[in-house]
Novice: 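Could you have a look at this structure, given as structure tokens, before my questions?
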Amino acid sequence: MTFHPPAGYSSSQWYHNTSWLDFNMIHTGQCENSFDIYDRLTGKDYNREEVRPVLTGNPCYENHAVCNQPDSLGYFDDADIRRAIYWSLFSGACGHTYGCTDVWNTTNPDKTPAGIKQVGHARRLWERFSWDERIPAQELLTSSNQAKALKGANYGLIYLPYGGETVIDLNRFASTQSFQFEWMNPRTGEISAIDIQTPDKQVKVNPPSSGNGNDWILIITTKQ
């Protein structure tokens with residue numbers, strides 16, 4: 001059981017210490033989809049002293065007018081949906097919901113928006129690695145650039161919301177380990193191996209493309 005808070009809030013603000021609350025719910029609303037709101041809401045809940053799961057239950061909806069002002073602000077698209085998913089999950093959320101205006105208000109229920117399939121790509125990545133050991137790991141990044149990182153015992157995942165060069169600090173893994181690297185395209189789900197040399201474990205990576213809508217995920221797997 002949880003509580004659906006107003007936009008821009010988490011249920012934790014009112015009910016975190018109540019006995020009936022099973023998990024906290026985040027509501028980012030239909031006006032904001034930013035790195036900062038997930039850092040402020042999800043990250044804060046994840047780090048609370050009395051631990052409870054946190055789930056993004058009401059993020060931005062695909063094809064919803066931003067702040068109900070389509071002429072001036074446009075609509076949330078599949079790139080917004082992907083950023084919401086990965087910013088949420090990589091900030092420590094246990095799950096994330098998907099919404100689409102064409103579906104929930106039945107204006108176009110037969111339409112298949114791009115974001116629907118891309119949610120599936122996120123789920124397959126999430127299920128590839130162990131669930132119970134993953135933790136947010138911003139220490140893997142030497143600078144943020146709105147990127148998010150998490151890791152488990154033998155893997156790390158780096159989400160780059162706009163592509164672009166970044167530096168990964170592999171010293172955060174055990175010093176005896178070797179590394180394998182892959183790029184995941186979150187638009188298509190395609191995963192491809194890449195060759196990165198790691199002589200000093202400060203690794204500069206540059207995904208295949210950059211700019212709005214050109215997000216990428218670096219998959220790092222380790223072995224002794």
Side-chain angles (χ1 to χ4, degrees), residues 1-12 22-43 45-46 53-128 131 146-148 150 157 159-163 184-191 209-217:
M1 180 182 294
T2 191
F3 168 76
H4 192 307
Y9 291 92
S10 166
S11 58
S12 63
D22 295 310
F23 62 93
N24 279 310
M25 176 179 169
I26 300 294
H27 179 188
T28 61
Q30 304 305 320
C31 285
E32 185 174 3
N33 183 45
S34 67
F35 175 89
D36 290 339
I37 197 167
Y38 289 104
D39 216 33
R40 175 169 57 87
L41 296 179
T42 312
D45 276 0
Y46 178 85
V54 53
L55 180 142
T56 306
N58 198 157
C60 61
Y61 291 171
E62 190 169 10
N63 297 332
H64 193 290
V66 179
C67 265
N68 295 313
Q69 299 180 53
D71 294 337
S72 58
L73 298 178
Y75 294 83
F76 290 118
D77 60 15
D78 59 307
D80 294 302
I81 298 304
R82 294 193 305 274
R83 286 191 286 267
I85 292 170
Y86 294 107
W87 277 335
S88 170
L89 295 177
F90 284 33
S91 294
C94 66
H96 188 90
T97 61
Y98 167 82
C100 176
T101 296
D102 298 318
V103 176
W104 72 261
N105 68 10
T106 67
T107 56
N108 195 353
D110 296 325
K111 184 176 181 179
T112 305
I116 287 180
K117 291 184 178 180
Q118 293 165 5
V119 172
H121 303 327
R123 175 176 176 171
R124 282 184 284 276
L125 175 65
W126 208 237
E127 292 175 342
R128 174 177 167 180
W131 169 273
Q146 299 190 27
K148 278 288 184 182
L150 58 77
L157 303 173
Y159 178 62
L160 303 173
Y162 303 102
M184 174 180 164
N185 182 337
R187 299 170 294 288
T188 65
E190 181 181 0
I191 295 175
S209 62
S210 61
N212 186 39
N214 287 274
D215 47 340
W216 292 89
I217 297 170

Novice: Compare all side-chain heavy atoms of N212 with those of Y162 and state whether any distance is below 4.5 angstrom.
Specialist: yes
Novice: Please round to the nearest 0.5 Å and tell me the distance separating atom OH of Y86 and atom CD1 of I217.
Specialist: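 Answer rounded to 0.5 Å: 4.0 Å.
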Novice: Do the side chain of W87 and the main chain of Q146 share a donor and acceptor less than 3.5 angstrom apart?
Specialist: yes
Novice: Which atom pair, heavy atoms only, marks the closest approach of G213 to R83?
Specialist: N-NH1, 4.1 Å
Novice: Please check this pair: side chain of H121 against backbone of T188, looking for a donor-acceptor N/O pair closer than 3.5 Å.
Specialist: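 Judged by distance alone, yes, a pair lies under 3.5 Å.
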Novice: Show the numbers, then the answer: is there a side chain to side chain contact (heavy atoms under 4.5 Å, CB included) between E62 and D102?
Specialist: CA-CA 8 Å; E62 190 169 10; D102 298 318; over 6 Å; no
Novice: Which pair of non-hydrogen atoms, one from M184 and one from P186, has the smallest distance, and what is that distance?
Specialist: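 Of all heavy-atom pairs spanning M184 and P186, the closest is O-CD, 3.2 Å.
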Novice: Hey, is the main chain of P5 close enough, under 3.5 Å, to the side chain of H27 for a donor-acceptor pair?
Specialist: yes
Novice: Checking side chain to side chain contact (heavy atoms under 4.5 Å, CB included) for the pair L157/K148: CA distance, chi angles, key distance, verdict?
Specialist: CA-CA 8 Å; L157 303 173; K148 278 288 184 182; over 6 Å; no
Novice: In terms of relative ring orientation, are W126 and W131 parallel, tilted or perpendicular, with 30° and 60° separating the classes?
Specialist: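 Because their plane-to-plane angle is over 60°, the rings of W126 and W131 count as perpendicular.
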Novice: Could you tell me which non-hydrogen atom of T56 sits nearest to which non-hydrogen atom of S88, and how far apart they are?
Specialist: OG1-OG, 2.6 Å
Novice: Taking the side chain as C-beta and beyond, is there a heavy-atom pair between N63 and P113 under 4.5 Å?
Specialist: yes
Novice: Tell me if a side-chain donor or acceptor on S91 pairs with a main-chain N or O of G43 at a distance below 3.5 Å.
Specialist: no
Novice: Could you give the distance from SG (C94) to CG (D45), rounded to the nearest 0.5 Å?
Specialist: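 It is 10.5 Å, given to the nearest 0.5 Å.
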Novice: What is the distance from atom OG1 of T2 to atom CD1 of I26, rounded to the nearest 0.5 Å?
Specialist: 9.0 Å
Novice: Between atom CZ of F76 and atom CD1 of I81, what is the distance when rounded to the nearest 0.5 Å?
Specialist: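 Answer for the CZ-CD1 pair, F76 versus I81, is 8.0 Å.
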Novice: Would you give the length of the straight line joining atom OH of Y9 to atom CZ of R40, rounded to the nearest 0.5 angstrom?
Specialist: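 With rounding to 0.5 Å, OH (Y9) is 8.0 Å from CZ (R40).
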Novice: With a 3.5 Å distance limit and no angle check, can you tell me whether T97 reaches the backbone of P59 through a side-chain donor-acceptor pair?
Specialist: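 No.
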Novice: I'd like to know if the side chain of N33 and the backbone of D80 have a donor-acceptor N/O pair within less than 3.5 Å.
Specialist: yes
Novice: Where is the tightest heavy-atom contact between S12 and N24, given as atom of each residue plus distance?
Specialist: N-OD1, 3.1 Å
Novice: Closer than 3.5 angstrom, by distance alone: can the side chain of R82 be matched with the main-chain N or O of P161 as a donor-acceptor pair?
Specialist: no
Novice: Nearest 0.5 Å please: distance from the CG atom of L41 over to the CE atom of M25.
Specialist: 11.5 Å
Novice: How about F35: does its CZ atom have over 12 heavy atoms from other parts shown lying under 6.0 Å from it?
Specialist: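 It does: F35 CZ has more than 12 such atoms within range.
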Novice: Please check if atom CZ in R128 has more than 12 non-hydrogen atoms from other residues, nucleotides or ligands closer than 6.0 Å.
Specialist: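 It does: R128 CZ has more than 12 such atoms within range.
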Novice: Write down the atom of W216, the atom of R187, and the distance for their closest heavy-atom approach.
Specialist: CZ2-NH2, 3.2 Å
Novice: What closest approach, in Å, do V66 and Y75 show between heavy atoms, and which atom pair accounts for it?
Specialist: CG2-C, 3.9 Å
